[in-house]
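Throughout, protein chains are lettered first and strands after them, A, B, ... in sequence-line order, and every chain is numbered starting at 1. On a predicted model such as this, the values are computed, not experimentally measured, just so you know.
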2 protein chains.
Amino acid sequence: MDRHTDADIAPVAALIADPARAAILTALLGGRALAAGELARVAGVSPATASSHLARLLDGGLVEVTRQGRHRYYRLAGHEIAEVLEVLARISARPPVRSLRQSRQARLLQEARTCYDHLAGRAGVALLDALRGHGCLDGERVTPQGERLLAGLGVDVARARRTRRRFAPECLDWTERRPHLGGALGAAVTAVLLERGWYRRGSLPRAVELTGEGREGLAALFPGKELTSHSPVT
Amino acid sequence: MDRHTDADIAPVAALIADPARAAILTALLGGRALAAGELARVAGVSPATASSHLARLLDGGLVEVTRQGRHRYYRLAGHEIAEVLEVLARISARPPVRSLRQSRQARLLQEARTCYDHLAGRAGVALLDALRGHGCLDGERVTPQGERLLAGLGVDVARARRTRRRFAPECLDWTERRPHLGGALGAAVTAVLLERGWYRRGSLPRAVELTGEGREGLAALFPGKELTSHSPVT
DNA sequence: GGCACGCTTCGGCTCCGGTCGAACCGTCAC
DNA sequence: GTGACGGTTCGACCGGAGCCGAAGCGTGCC
């Protein structure tokens with residue numbers, strides 16, 4: 001068989017294969033655009049090296065850039081890219097935890113993080129469970145009851161449905177090994193949760209944390225459910 | 001942020017990043033186990049080089065091997081690996097077609113191929129459409145009507161449901177850009193189609209082709225639907 | 001204007017990893 | 001046994017890619 005009849009996956013894989021670039025891409029999985037300097041720090045390389053990596057990622061279409069003053073903010077080029085990184089993470093070994101600080105950071109990410117633009121980790125899995133448990137979702141369809149609940153929360157379900165992106169796929173969580181809500185609906189719900197201040201961005205690029213209002217709001221929305229683990233991460 | 005708190009995706013990506021290894025993995029997407037020599041030919045490298053690549057893939061857990069006499073047959077290490085390759089293919093550029101022969105091969109693969117262990121290409125997409133169009137599937141659930149139809153075909157739906165693998169996810173087809181049936185159910189259905197001789201393995205590693213019985217059988221099963229394109233690939 | 005800062009470009013260094021031929025090991029055929 | 005064949009291992013070669021310091025470019029601040 002002639003290999004040229006197939007899509008050429010090697011070049012894209014090569015872009016992800018470098019440790020510095022992988023670190024950059026993983027940091028961008030947080031969904032926010034980050035400045036080149038920050039990314040250099042994240043990847044543990046000099047600004048010169050990071051710049052060269054970013055140029056290659058840009059050329060390969062994995063990231064996009066916007067200039068703002070003397071900063072250049074980089075972000076992932078789309079949710080398909082995020083999907084590739086998530087799927088890769090699922091079959092990659094989790095490196096051993098080396099320090100107390102790392103262990104705390106790891107636990108923060110396991111608890112609640114963004115997966116590009118939707119909620120993941122224990123919180124994301126629990127949210128999907130709660131939606132299903134309250135009969136808001138049937139497969140990928142939103143039930144009438146779900147429409148009411150989401151509308152009350154401020155989620156524009158109809159708008160999410162109009163996008164070309166898949167509506168409400170399950171996204172297998174690589175720390176929990178169980179699904180959380182992805183797709184256009186997952187992104188819309190997560191955007192609302194952040195706007196309302198129920199979750200806020202944490203100190204790590206991908207981490208988010210539940211706020212006091214969030215705890216109350218979610219408890220009212222899903223009575224009898226606990227959306228996060230009982231012991232806060234310390 | 002410390003990058004060690006995340007799964008490190010770079011090593012796995014590096015395994016896929018080499019053109020020869022990518023060709024080997026893509027060939028193994030056909031779902032069959034192939035001998036080392038065949039894979040060397042497919043990748044366009046010497047047996048020595050291929051052997052070194054296969055050793056690395058084995059070490060990285062991407063492939064498995066079984067010895068049979070003086071042959072060693074390699075296969076993908078699981079459907080998660082196949083998933084990674086498919087997702088990567090989706091964001092990778094399709095290389096330009098260079099010759100008539102390649103163009104014919106490409107058209108064969110577009111028409112019908114296996115995606116590790118389930119049917120893909122136009123045929124796979126049409127099959128999912130037919131199942132949905134006849135009310136056999138509702139989201140990921142099999143309807144009573146679907147149970148009857150699949151049982152008549154000889155698919156053991158209950159057994160597919162018992163596996164730990166996801167039951168009936170949609171798998172976005174990278175040539176058609178529309179979903180086909182994946183997961184445990186997709187694999188079970190495809191196995192039956194091959195057992196019955198409705199499809200048979202083609203000359204290319206991943207290609208399959210509809211047989212005469214297959215055309216009749218599918219037409220009887222899904223009256224009024226055409227499961228493949230009207231013009232045969234020549 | 002002048003300086004500080006963020007980022008990129010350039011040049012040169014180093015090293016990892018892909019490549020093959022040749023030799024080696026095991027299996028099958030006769 | 002002996003030869004053919006499939007596959008792996010070894011050793012040597014070579015090119016590409018990652019790395020950094022220094023210099024260059026543009027923007028913002030005072």
Just the rounded figure in Å: distance from C1' of D:dC29 to CZ of A:Arg70. 7 Å

How many whole angstroms separate atom CG of B:Leu39 from atom P of D:dG7? 9 Å

Selection residues 18-66 of chain B - residue pairs positive for ring pair (Phe, Tyr, Trp, His ring centres under 6.0 Å), sequence neighbours left out: none

Here the distance between atom P of D:dT27 and atom CD of A:Gln68, to the nearest Å, is 14 Å

Between C1' on D:dG16 and CG on A:Asp18, what's the gap in Å once rounded to a whole number? 13 Å

Which comes earlier along DNA chain D counting from the 5' end, the contact point of A:Ser46 or that of A:Gly69, where each point is its nearest nucleotide? A:Ser46

Could you grab the distance from atom CG of A:Leu109 to atom CZ of A:Arg206, nearest 0.5 Å is fine? 6.5 Å

Using the side-chain heavy atoms of A:Val45, tell me which of these nucleotides is nearest: D:dG26, D:dT9, D:dC19. D:dC19

Across the strands shown, which category fits A:Tyr74 at heavy-atom distances under 4.0 angstrom: base, sugar-phosphate, nothing? sugar-phosphate

With nearest nucleotides of DNA chain D determined for A:Ser52 and B:Arg72 from heavy-atom distances, which residue corresponds to the more 5′ nucleotide? B:Arg72

Any side-chain N or O of B:Thr49 less than 4.0 Å from the OP1 or OP2 oxygen of C:dT19? no

How would you label the contact of A:Ala48 with the nucleic acid (heavy atoms, under 4.0 Å): base, sugar-phosphate, or nothing? base

Could you tell me whether A:Ala35 contacts a base, only the sugar-phosphate backbone, or nothing, with contacts defined as non-hydrogen atoms closer than 4.0 Å? sugar-phosphate

Is it true that A:Asp117 and A:Arg75 have a side-chain N and a carboxylate O under 4.0 angstrom from each other? no

Using the side-chain heavy atoms of A:Ala36, tell me which of these nucleotides is nearest: D:dG18, D:dC20, C:dC7. C:dC7

If you compare every side-chain N and O of A:His53 against the phosphate oxygens of D:dC19 (OP1, OP2), does one of them come in below 4.0 Å? yes

Distance (rounded to the nearest 0.5 Å) between B:Phe167 CZ and B:Arg162 CZ: 11.5 Å

Rounding to an integer number of Å, can you tell me how far B:Leu57 CG sits from D:dT8 C1'? 15 Å

CD of B:Glu38 versus P of D:dG6: gap in Å, rounded? 11 Å

Rounded to whole Å, the CD1-P distance (B:Ile24 to D:dG7) equals 12 Å

Nearest-nucleotide pick for B:His71, side chain only, options being D:dT8, D:dC19, D:dG6: D:dG6

N-O pairing of B:Arg161 and B:Asp156 below 4.0 Å: no

Atom CZ of A:Arg56 and atom P of D:dG16 are separated, to the nearest Å, by 12 Å

